[in-house]
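The block underneath contains the structure these notes are about, expressed in structure tokens.
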Amino acid sequence: MSVRTRFAPSPTGYLHVGGARTALFSWLQARRHGGEFVLRIEDTDLERSTEAARQAILDGMQWLGLDYDEGPYYQSQRFERYRYVLEQMLERGTAYRCYCTRERVDALREELMRKGLKPRYDGHCRDLAAPPPGAPEPVIRLRNPLDGEVRFRDQVFGPISVSNAELDDLVLARPDGTPTYNFTVVVDDLDMRITHVIRGDDHVNNTPRQINILRALGAEPPVYAHVPMILGEDGAKLSKRHGAVSVMQYHEDGFLPEAMRNYLVRLGWSHGDEEIFDTERMIELFDVTDVNRAASVFNHDKLRWLNQHYVKAADGARLEPLLARQLEKRDLDPAAGPPLADTVEALRERAPTLADMAEAARYLYADFDDFEPQAAKKNLTVGSGAVLARLREVLGSVADWSAEPLHAAVEQVAGELDLRLGKVAQPLRVAISGRAATPPIDVTLALVG
RNA sequence: GUCCCCAUCGUCUAGUCGGCCUAGGACACCGGCCUCUCACGCCGGCAACAGGGGUUCGAAUCCCCUUGGGGACGCCA
């Protein structure tokens, strides 16, 4: 049987890095085994689901290059199907109607908690022959087995078992008939013939419940693989306060998708000492069974390092429009300076991200009057006035305004004045760029024009 | 509280069924080389098996306990 995996986000926000990594792992597992990857949008919560979020997730997937073979399917369009399955379960007695009020259930939960017990539904309506008079619209609950235990072999965590006594009769559908998460997941994974369910490990506790639903449906469970969470630098669950968590924010910040993919795949997975994985390489080597069990901390510095690696390696032409966009975001006109191709070549080795590159290129695309104080103080001294004056004369006579003759010109001045190259180049650098760090002086001169 | 799960350098990790580990690589950090600055590159350094018991000739690797962390316990997903 071929491998079929899925990514099933709920459209209640942007695609965050944790979800993106789960998606990447699922995608990789399918690609590695020549299987299919399906995308399903879990939008049963009509209240919280938004069109903007749906689009944001799709954009994120596309940017990362995670293409899907089927979907996107929408749970909101499958309500009749869920309804049908529910009816069947009711008929077969694997599910039942529960007329308990919310108040009763809440009170029960509180009481059990207070007694130091695990809050579980007590099965009050489990064997009701008929609805009590004046009862509200019922919820539908699963008739969970009373004893025995559920075991499954997780592809990353290994064998996990939970006693049925720990589980209760979970709600499958609300009074208005809308299905709940644990139920729709099971029906969908079944209908979509998913063979490998790869998801965050916050779902391991849901798995035994889902297996019981599956059994009630007379079906066999798929293979489960729960991947550990991604934490923030402080060890707490990654969230907005840790900085950017939206994948598309990284796009905005000048990161390359291949860098993000490479970074994400190494979070919880590795192959010996290898650090650099292009898409082909990860498809060739990845397997969920090799994923680690411990959560990992998102490290921004390493992402930047990888991004710089890919910026250096990328085809320059691809970087040009990305740099242009970053310049525009800074109100700089890409046409007001040297050709983008030249800027990219000069700066790619010293820019971890395209955003850094745009910052480093500022003086090339707009006039500046803000000299770095330190640099100006150190280099634009009374003594350097003569040097700069002489440079102006010599450079003024350079016919071919390109790196080589410019380099010769600067060296000539240094020779004439019997100064080390640094004594000439550095004041010049500050004079034309306003800063102490730029590409080699000849390249910088050529760029400035 | 109750269940489930996790635990190697600051961080990501290697560590094939216990011996090749005086624990390897990468990021970050610190030094040096290169050099007109910055960066790249190269060389070197700092730095970890959470603690305690077992099992064994031998344990980072197996077992138990402790501690610490996470997750779940919803008519959210």
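Numbers restart at 1 for each chain; the letters A, B, ... are given by sequence-line order, proteins then strands.
Within residues 175-184 of chain A, the residues that place at least one heavy atom under 4.0 Å from RNA chain B are, in residue-number order, A/Pro175, A/Thr180, A/Tyr181.
Atoms CD (A/Glu110) and C1' (B/G74) sit 14 Å apart, rounded to a whole Å. Atom CG of A/Leu306 and atom C1' of B/U11 are 13 Å apart (whole Å).
Dashed line: the shortest gap from a side-chain N or O of A/Ser161 to OP1 or OP2 of B/C4 is not under 4.0 Å. Between A/Gln308 and B/C40 there is a side-chain polar atom (N or O) within less than 4.0 angstrom of OP1 or OP2. Distances shown here put a side-chain N or O of A/Ser296 below 4.0 Å from the OP1 or OP2 atom of B/U13.
With salt bridges taken as basic N to acidic carboxylate O contacts below 4.0 Å, one links A/Glu274 and A/Arg281.
Shown here, B/C27 forms a base pair with B/G10; the pair counts as Watson-Crick or G-U wobble because both key distances fall under 3.5 Å. With a cut-off of 3.5 Å on both pairing distances, B/U61 has no Watson-Crick or G-U wobble partner at all. Using N1 to N3 plus N6-O4 or O6-N4 for Watson-Crick, or N1-O2 and O6-N3 for G-U wobble, each under 3.5 Å, B/G74 pairs with nothing. In this entry B/U22 has no Watson-Crick or G-U wobble partner, no candidate having both defining distances under 3.5 Å. Base pairing analysis places B/U56 opposite nothing; no Watson-Crick or G-U wobble pair with both distances below 3.5 Å involves it.
A cation-pi arrangement is not found for A/Arg266 relative to A/Phe277, the charged atom failing to lie both closer than 6.0 Å to the ring centre and inside a 45° cone about the ring normal.
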What string of B, S and - do you get for nucleotides 67-73 of chain B, 5' to 3', when a contact is any protein heavy atom under 4.0 Å? ---SBSB

Sugar-phosphate or base contact per nucleotide [nucleotides 17-35 of chain B; S, B, -; heavy atom under 4.0 Å]: -------BBBSS-------

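No side-chain donor-acceptor contact under 3.5 Å links A/Asn262 and A/Glu258.
Comparing B/C62 with B/C40, their C1' atoms are spaced 47 Å from each other, to the whole Å.
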